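Treat the numbers as computed from the prediction; the structure is a model and nothing was measured. Each chain gets a letter, A, B and so on, in the order the sequences are listed, and its residues count up from 1.
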Number of protein chains: 2
Amino acid sequence: MRVDSRRSPGQRAGLTRDAVLAAARAVLATDGIQCLTMRKLAERLGVRPNALYSHVTGKTELLDAILDDVLGEVATPAHDGDPRAELRRLMTSVHDVAREHPDLVPHYLAKRGLRGPNGRKLRAATEQLLARASLPPDKASEARRVLAVYAIGFAAFSETPPSGPVGDGAPPMRDSFATGLEWLLAGILGE
Amino acid sequence: MRVDSRRSPGQRAGLTRDAVLAAARAVLATDGIQCLTMRKLAERLGVRPNALYSHVTGKTELLDAILDDVLGEVATPAHDGDPRAELRRLMTSVHDVAREHPDLVPHYLAKRGLRGPNGRKLRAATEQLLARASLPPDKASEARRVLAVYAIGFAAFSETPPSGPVGDGAPPMRDSFATGLEWLLAGILGE
DNA sequence: AGCTTAATTGGACAGCGTACAGTGATGCGC
DNA sequence: GCGCATCACTGTACGCTGTCCAATTAAGCT
């Protein structure tokens, strides 16, 4: 991936916004968010740091874009399944995706909201499922918020539990997530 | 607060760890976490930045200490009340405190866990309430985790909602929190 | 072919957290 | 009360960060 052929000013490296995003995601996956720095990213792309700013307005926009990309990995619900089952699958998928990209969760929580297109799609899909479960719109948006908070918030706590001595009696995180999710669904949809 | 009298090396400024923490909390409250920098903090205390390192091992420890301080603001539950009501009050207090210190929430979520003494106290209190509601220990720790995730996670989403046009029909955040909390308590304690 | 546009470099700036060595007041043992 | 070790603080500096500006040149359009 690294192309460190020296270039004089004016020479092009053939960068793309997508290439930058892909490289950033690679760094994120292998080295963590601490190492995702403009300079390291540029070095990996064989480019001076400033070059990135031709394809990205800044670091936060970069992170926003990656975040929305990742949100696209969430499994979209079927249009005809049982709403309760689909909601369960959808929120579990959200939770799983969040856990696969732990470094992004704090950034997501800091930005508070699903601003990108994939995020909006996700929000719409959730609300549609709640509507199909015949919740009135205001109840639906309330429930959607509760579910989103729960799914993402849980992911924030899930990684690297301190895990003192081996197996401190607590059930694995994902099972705890499923338990709480059932409670919430019961409250939202009635049992 | 600012004492910018020049000092030559060797002269003392009479700093205390508590003074540093207090000043940090003040900066946090008035200017936000972006402005909470070692240098700005030192300036406010009329001191060179390095001086802080005599009372604090680094910035992250500083934040940890503040975080645990803040956790001390949570209202501790009564020892004899109805467990369900006490749990409701306790988690609402956690949520309120988290909302009052929004900048700390991401740091809390990044650290994942209640490491300081106040945090441990909080955890113990919650688990005790759950035990008094006659949950077996493993169920109790699972439920505690679910509740903590919910209360803190919700706070992460609560501040400055994008709030497009005035009043977009969604109920206020705190009410949504209460609604979801009832759902969870119903699931945990049975209804 | 000429001209505009956009990608890239070189260099720089301000800011960050923090380490190291020196200095001198403070507090403790006698 | 004296001597000495400790510790809080300054001065300086290092390496790192995100980002801006001007100069350079390739690519694309007419």
A.B. asks: Between A:Phe154 and A:Phe177, does the ring centre distance come in under 6.0 Å?
C.D. replies: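 That pair passes the under 6.0 Å test.
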
A.B. asks: What's the closest nucleotide to the A:Gln11 side chain, out of C:dT8, C:dC20, D:dA26?
C.D. replies: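 Among the listed nucleotides, the one closest to the side chain of A:Gln11 is D:dA26.
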
A.B. asks: Tell me: OH of B:Tyr53 to P of C:dA19, nearest whole Å?
C.D. replies: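 Atom OH in B:Tyr53 sits about 7 Å away from atom P in C:dA19.
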
A.B. asks: To the side chain of A:Pro9, which of C:dC20, D:dC21, C:dT8 is closest?
C.D. replies: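 When the side chain of A:Pro9 is considered, C:dT8 is the closest of C:dC20, D:dC21, C:dT8.
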
A.B. asks: Which residue lies toward the 5' end of DNA chain D, A:Leu36 or A:Arg12, if each is placed at its nearest nucleotide?
C.D. replies: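 Between the two, 5'-proximity favours A:Leu36.
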
A.B. asks: Among C:dT8, C:dT18, D:dT17, which is the nearest nucleotide to the side chain of A:His55?
C.D. replies: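 Nearest to the side-chain atoms of A:His55, counting from C-beta on, is C:dT8.
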
A.B. asks: With a 3.5 Å cut-off and just heavy-atom distances, do the side chain of A:Arg39 and the base of D:dG18 make a donor-acceptor pair?
C.D. replies: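 Looking at the base of D:dG18, it does pair with a donor or acceptor on the side chain of A:Arg39 (distance under 3.5 Å).
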
A.B. asks: Looking at B:Thr37, does any N or O in its side chain come under 4.0 Å of the phosphate oxygens OP1/OP2 on C:dG17?
C.D. replies: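 For C:dG17, OP1/OP2 do have a side-chain N/O of B:Thr37 under 4.0 Å.
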
A.B. asks: Using a strict threshold of under 4.0 Å (side-chain N to carboxylate O), is an ion pair present between B:Arg17 and B:Glu61?
C.D. replies: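 Here B:Glu61 pairs with B:Arg17 in a salt bridge, since their nearest N and O are under 4.0 Å apart.
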
A.B. asks: Would you tell me whether B:His55 and B:Asp18 have side-chain atoms, one donor and one acceptor, within less than 3.5 Å of each other?
C.D. replies: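 No - no donor-acceptor pair under 3.5 Å links their side chains.
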
A.B. asks: Whole angstroms only, please: what is the CG-P distance between B:Leu41 and C:dC16?
C.D. replies: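 Atom CG in B:Leu41 sits about 11 Å away from atom P in C:dC16.
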
A.B. asks: Starting the side chain at C-beta, find the nucleotide from C:dT9, C:dT18, D:dC9 nearest to B:Ala51.
C.D. replies: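 Among C:dT9, C:dT18, D:dC9, the one nearest the side chain of B:Ala51 is D:dC9.
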
A.B. asks: Please indicate whether A:Arg25 has more than 12 foreign heavy atoms, meaning atoms of other residues, nucleotides or ligands, lying under 6.0 Å from its CZ.
C.D. replies: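 More than 12 heavy atoms, drawn from other residues, nucleotides or ligands, come within 6.0 Å of this atom.
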
A.B. asks: Indicate, yes or no, whether a donor-acceptor pair under 3.5 Å links the base of C:dG11 to the side chain of A:Asn50.
C.D. replies: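 Under the 3.5 Å cut-off, the side chain and the base do form a donor-acceptor pair.
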
A.B. asks: Hey, do the aromatic rings of A:Phe157 and B:Tyr108 have their centres closer than 6.0 Å?
C.D. replies: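 Here the rings of B:Tyr108 and A:Phe157 have centres that are less than 6.0 Å from each other.
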
A.B. asks: Can you pull out how bent the helix from C:dA1-D:dT30 to C:dC30-D:dG1 is, comparing the axes over its first five and last five pairs, to 10°?
C.D. replies: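 One end axis against the other gives 20°.
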
A.B. asks: Between A:Ala13 and B:Met38, just flag the one whose closest nucleotide in DNA chain C comes earlier from the 5' side.
C.D. replies: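 Per heavy-atom nearest nucleotide, the more 5' residue is A:Ala13.
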
A.B. asks: Taking any heavy-atom pair under 4.0 Å as a contact, classify B:Ser54: base, sugar-phosphate, or nothing.
C.D. replies: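 The answer is base, as B:Ser54 lies within the cut-off (heavy atoms under 4.0 Å) of a base atom.
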
A.B. asks: Verify the distance criterion only: is there a donor paired with an acceptor across the side chains of A:Glu86 and A:His79 at less than 3.5 Å?
C.D. replies: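 Not at all, the side chains of A:Glu86 and A:His79 share no donor-acceptor pair under 3.5 Å.
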
A.B. asks: Which of the following nucleotides, C:dT8, D:dT10, C:dT18, is nearest to the side chain of B:Arg7?
C.D. replies: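 The closest nucleotide is D:dT10.
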
A.B. asks: Would you kindly say whether B:Glu182 and B:Thr179 are connected by a side-chain donor-acceptor distance under 3.5 Å?
C.D. replies: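 No.
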
